[in-house]
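Reminder, nothing fancy here: chain letters follow the sequence lines and each chain counts from 1.
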Protein chains: 2
Amino acid sequence: MQKVLQAVADPIRLSLLRQLAAKEPEEIPCGVFDLPVGKSGLSHHFAVLRMAGLLEQRDQGQQRLNRLRREEVEAAFPGLLALVLRDDGDNAARS
Amino acid sequence: MQKVLQAVADPIRLSLLRQLAAKEPEEIPCGVFDLPVGKSGLSHHFAVLRMAGLLEQRDQGQQRLNRLRREEVEAAFPGLLALVLRDDGDNAARS
DNA sequence: GCTGTTGTTCGATCCACATCAAACATAGTA
DNA sequence: TACTATGTTTGATGTGGATCGAACAACAGC
C-alpha cells in the first residue's frame, strides 16, 4: 500500500500510467513514452511501478512490452486506478 | 492531485490521517497523536496535510484542533479516503 | 562475425524533504 | 507579573531518490 502510494505520487510515473491506460489494451514498449527523462531514468521508474505491482513487463524480441495490471490492482486497491487515472482538470482548473 | 498523492504517500502522515479518522467526528489536538516524530516535525506534517486540503485546523484556547475534511476530500477525490484509510492488512498479510 | 536498437545496471551528482533542536509566539494559570 | 503548555518557525543536518552518462547485455538484421 505504502509502496503503491509512493509509486503513484511521482508525476513522471503518474504520466506513465496514464499513457499506458490511454492505449489499453495495447502493450507499449518502454521507448515510446513521451517523458522528460533519459532512458536510464525511465527504466528506474518502470522498476518502481513493477515492484509496486502496477504493471507487468514482457519481453518480445528486442523490446519489452508493458501492460497495466488493471484487474490485479483493482482487486488489491479498489478505486485506485479510477482515481489516479482521472483526467484531472485539477491542473488547469482552480484558476 | 499530485499534492494529495504526495501527502498521503508519507507513512507518518498516513498514520496521522488514520488516527484522525478513527476518532471521528472528534477533533484532535496535535499533541495527542502517537507518532515517532518531535513536535516540530509533527507541525510540518500537519502543514502538508492542510495544504493538500485533507484536514482543517481550528484554534481553541492553547490547543489547535484538527478535523478531517471528509466531505470536501470525497468531493474532490472520490474514493481516496476509503482507499487510504482502509485497515490495510496489507502489512501483516501477504505472508 | 559486425552493427544498430532496446533496455538495464552502475557510479556519481543533486535536490527535495524529513528530522531535530532551539528560539519564539500565544493562551491559560498561579 | 511569572510560569507552563501547546504549536510554529527557523536553521542545520542527513538521507532517500530522481537524474544523468557511460558501460553493459540481449536481440535482430546485415
Report each atom pair, protein N/O against N/O of nucleotides 21-25 of chain C, whose distance is under 3.5 angstrom.
{"residue": "C/dA21", "atom": "N6", "partner": "B/Ser40", "partner atom": "OG", "Å": "3.1"}

### Task
Name all pairs fulfilling the ring-ring contact (aromatic ring centres under 6.0 Å, His included) condition that reach into residues 56-76 of chain B, sequence neighbours left out, sorted by first residue then second.
none
### Query
Which part of the nucleic acid, if any, lies within contact of B/His44, taking any heavy atom under 4.0 Å across all strands shown: a base, the sugar-phosphate backbone alone, or nothing?
base
### Task
Check side chain to side chain donor-acceptor pair (under 3.5 Å) between B/Asp59 and all other residues, then give those that pass, not counting sequence neighbours.
B/Arg64
### Query
Whole Å only: how far is the CG atom of B/Leu42 from the P atom of C/dT19?
10 Å
Can I get a per-line list of side-chain donor-acceptor pairs under 3.5 Å for residues 74-85 of chain B, giving both atom names and the distance, sequence neighbours left out?
{"residue": "B/Glu74", "atom": "OE2", "partner": "B/Gly79", "partner atom": "N", "Å": "3.2"}

### Task
Return each pair, listed once, that meets ring-ring contact (aromatic ring centres under 6.0 Å, His included) where at least one residue sits in residues 13-64 of chain A; pairs must be two or more places apart or across chains.
A/Phe33-A/Phe46
### Message
Can you tell whether the side chains of B/Arg67 and B/Glu72 come within less than 4.0 Å, N to carboxylate O?
### Response
yes
### Summary
Here the distance between atom C1' of C/dT8 and atom CG of A/Asp59, to the nearest Å, is 11 Å
### Message
Do B/Arg13 and B/Val8 have side chains that approach each other closer than 4.5 Å (heavy atoms only, starting at C-beta)?
### Response
no
### Query
With A/Gln63, which residues qualify under side chain to side chain donor-acceptor pair (under 3.5 Å), at least two apart?
none
### side chain to side chain contact (heavy atoms under 4.5 Å, CB included) against A/Glu71, all qualifying residues, sequence neighbours excluded
none
### Query
Does B/His45 have a side-chain nitrogen or oxygen under 4.0 Å from the phosphate oxygens OP1 or OP2 of C/dC17?
no
### Non-neighbouring partners of A/Arg70 that pass salt bridge (charged side-chain N to carboxylate O under 4.0 Å, His left out), sequence neighbours left out
A/Glu24
### Message
Please give me every residue in residues 3-13 of chain B whose heavy atoms get under 4.0 Å of an atom in DNA chain D, ordered by residue number.
### Response
none
### Task
Using a 4.5 Å cut-off on heavy atoms from C-beta on, say whether the side chain of B/Ile28 contacts that of B/Gln19.
no
### Query
So how far is it from A/Cys30 SG to A/Leu42 CG, rounded to the nearest 0.5 Å?
6.0 Å
### Query
Tell me: CD of B/Gln62 to C1' of C/dA27, nearest whole Å?
6 Å
### Task
Check every nucleotide of DNA chain D for an atom under 4.0 Å from a heavy-atom of chain A, then give the first and the last such nucleotide from 5' to 3'.
D/dA18 to D/dA28
### Message
Under the rule for side chain to side chain donor-acceptor pair (under 3.5 Å), what residues qualify as partners of A/Gln57, not counting sequence neighbours?
### Response
A/Arg50, A/Asn66
### Message
With heavy-atom distances below 4.5 Å as the criterion, would you say the side chains of A/Pro25 and A/Leu68 are in contact?
### Response
no
### Message
What is the distance, to the nearest angstrom, from the CZ atom on A/Arg50 to the P atom on C/dG7?
### Response
12 Å
### Summary
Expected list for residues 20-35 of chain B near DNA chain D, using heavy atoms below 4.0 Å, is B/Pro29, B/Cys30, B/Gly31
### Message
What contact category does A/Gln60 fall into here, base, sugar-phosphate, or nothing, at under 4.0 angstrom with non-hydrogen atoms?
### Response
nothing
